[in-house]
Amino acid sequence: MLVEEKIMEVLEAYDLTKSLRSAAALCGVDHHTVKRYVAARSAGLDPAKAVVRGSVSDPFSEKIVEWIEASQGRVRADVVHRKLEAMGYEGSERTTRRVVAALKQNWVHEHRRGYKPWIPEPGLWLQWDYGEGPRIGDARTHLFCAWLAWSRFRVILPMWDKKMPSVITALDRCFRIIGGIPTYLLTDNEKTVTDTHIARVAVRNPQIVAAGHYYGVTITTCVPFDPESKGGSEATVRIAKADLVPTAGNLLDDYETFEQLEEACAAATLRFNTRVHTVTREKPVDRLVTELELLHRVPEVPYTAAFGETRAVSWSSTISFRGARYSVPHTWMGTRVWVRVSGDEIIITAQVDDAATEIARHAIVGSGEASIVDAHYPPRRDTPVRVPKATSRFEAAFLEIGQGAQVWLIEAAGLGIRGIEARMGDAVALTEIHDPAAVDEALAAAAKVGRFGDGDLESILTYRHRGPILAPVGFSLQPGTQQWSQPGTNGNGVRR
């Protein structure tokens, strides 16, 4: 299709030469092109309009439109092509795809949804939705993504599951992060919010209604399967997943613990709320200051009716539930917590900084058994060694010998040696005739080799002071052979 200026140039060249080929040579186009525009002008048509040529799909176009209408624009071109072939269609699949795409575009244009701009008011609306979070080990996680409609303030929290207690916990933490509660909450039709629909009317879950009454907020839901009615929270889910879920695209590392994911969510929340929003041209955290004036106060105590039964944490940092014991972090000793069953696990919740927070999760064990997590307890310190402390002058005299005396006493007492006091007296007496340092070394050596008998200490002192006792050189206890040199004598020169 040539532009209008070029078309006029082609027609002028033809009027000048009255030859299709000459006009084509002057304008640099094909002579068939010149012929088509000349014929269109002669027929009284607009040469600039595209010439619509017939297509092999024209006889079937009404049927294709019917299928597109019936499928609400979802039917695939390959399905249409197979149906048309059964009806005698001889065109190629490429032609079918081009025709279906054009007809679908027309259908979408005719059925396009119209929108009236929604201008949110401060303090009225908060939307929330869920996104699939990263896996921690073999466990799935979920991302709770909330969005204040006016200030664009976002809150992202990790969750182990989307059950009622977890949802209420996330809402409570969200309210406390924001610093207030709006008038309305808008979310999807999850089972925790909507039990069922009757005549297309949503029937609310009684537990979420009770939680809404407690916080003074009205919970509403969008039209089923209509994400466009909560686009703000959908966008929050999208950017949260892009920033927090490890993929080949964002090159994030996997999370080893749930605490690491919580820290990443907190960092992402801070990052989103402290950068300038593309629509408002302001930072959400700055606009929140204005919106807080219209939000109502968060209750001091979180809504706990859905968190389960209360239990006291014992001195051993455990709770008792259905005949079994479960550990909690040692910092909760002496407090009260909530425990509930979730599938094949029990979940323990406590109040942290005026917000309900999950602090432990265990697989259910049988009655009389215990589930203990080592990480819930502080690092074990080495067993302290009791240092001997004198209670009499006699004991003081012995312990003043030195460190070896203390070691000897501890080892002897541990082995249950009898007559310890008598041996202690011997050691004190030996300090009168030996260097006390030597006696102290002898006591340490005796403790090391386990010699606690009568006379052992003196033997060790003698050995250390003099060294091994050896016979003089040239002397032997072996009988000699000198007597053999004088037959008839006893070896001393006395004749037998």
Quick one: closest heavy-atom pair of Tyr37 and Leu2, and the distance? OH-N, 3.4 Å
Any side-chain donor paired with an acceptor under 3.5 Å for Ser166 and Thr169? no
Establish, from distance only, whether the side-chain atoms of Arg135 and Thr141 form a donor-acceptor pair under 3.5 Å. no
Shortest non-hydrogen contact from Arg152 toward Val279: NH2-CG1, 3.8 Å
Would the Tyr326 and His362 ring centres measure less than 6.0 Å apart? yes
Does Lys35 NZ have over 12 foreign heavy atoms under 6.0 Å away? no
Parallel, tilted or perpendicular: which one describes the rings of Tyr89 and His81, with boundaries at 30° and 60°? perpendicular
Minimum side-chain heavy-atom gap Leu103-Arg98 below 4.5 Å: no
State, yes or no, whether a side-chain contact exists between Ile178 and Leu126 at a heavy-atom distance under 4.5 Å. yes
Evaluate the side chain to side chain donor-acceptor pair (under 3.5 Å) criterion for residues Glu291 and Ser151: first the C-alpha distance (whole Å), next the side-chain angles of each, then the deciding distance (0.1 Å), finally the verdict. CA-CA 7 Å; Glu291 190 162 15; Ser151 64; 2.8 Å; yes
When you check the gap from the basic side-chain N to the acidic O, do Asp30 and Arg36 get nearer than 4.0 Å? no
For Glu309 and Trp338, what are the C-alpha separation, side-chain angles and deciding distance, and is it a side chain to side chain donor-acceptor pair (under 3.5 Å)? CA-CA 5 Å; Glu309 305 175 23; Trp338 297 277; over 6 Å; no
Keeping Tyr377 on the side-chain end and Val328 on the backbone end, is there a donor-acceptor pair under 3.5 Å? no
Tightest non-hydrogen contact, residues Gly179 and Val298, listed as C-CG2, 4.2 Å
Locate the shortest heavy-atom distance separating Cys265 from Pro158; write the atom from each residue and the value. SG-CD, 3.8 Å
For residues Val10 and Val29, determine if any side-chain heavy atom of one lies less than 4.5 Å from a side-chain heavy atom of the other. yes
Just wondering, more than 12 heavy atoms not from Lys283 lying within 6.0 Å of its NZ? no
Is the count of non-hydrogen atoms from other residues, nucleotides or ligands lying under 6.0 Å from Arg297 atom CZ greater than 12? no
Will you find, in the side chains of Ser71 and Arg76, an N or O donor that is under 3.5 Å from an N or O acceptor? no
From CA spacing to verdict: side chain to side chain donor-acceptor pair (under 3.5 Å), Ser371, Arg325: CA-CA 6 Å; Ser371 176; Arg325 287 193 305 151; over 6 Å; no
Got Thr310 and Val337 here, is their nearest side-chain heavy-atom distance under 4.5 Å? no
Measure the shortest side-chain to side-chain distance between Glu93 and Asp78 over non-hydrogen atoms and say whether it is less than 4.5 angstrom. yes
Please indicate whether Glu132 has more than 12 foreign heavy atoms, meaning atoms of other residues, nucleotides or ligands, lying under 6.0 Å from its CD. yes
Calculate, to the nearest 0.5 Å, the distance between atoms OH and NE2 belonging to Tyr130 and His142 respectively. 10.0 Å
Can you label the angle between the Trp160 ring and the Phe258 ring as parallel, tilted or perpendicular, going by 30° and 60°? parallel
Pair Lys63 + Glu66: basic N to acidic O under 4.0 Å: yes
Going by the rule ring pair (Phe, Tyr, Trp, His ring centres under 6.0 Å), which residues pair with Tyr14 if we only count those two or more places apart in sequence or in a different chain? none
Check whether any side-chain heavy atom of Trp67 lies under 4.5 Å from a side-chain heavy atom of Val100, and answer yes or no. no
Heavy-atom closest pair, residues Glu256 and Ile136: O-CG2, 3.5 Å
What is the minimum heavy-atom distance between Pro299 and Ile181, and which atoms define it? CD-CD1, 3.9 Å
Student check: side-chain heavy atoms of Asn273 and Arg154 closer than 4.5 Å: yes
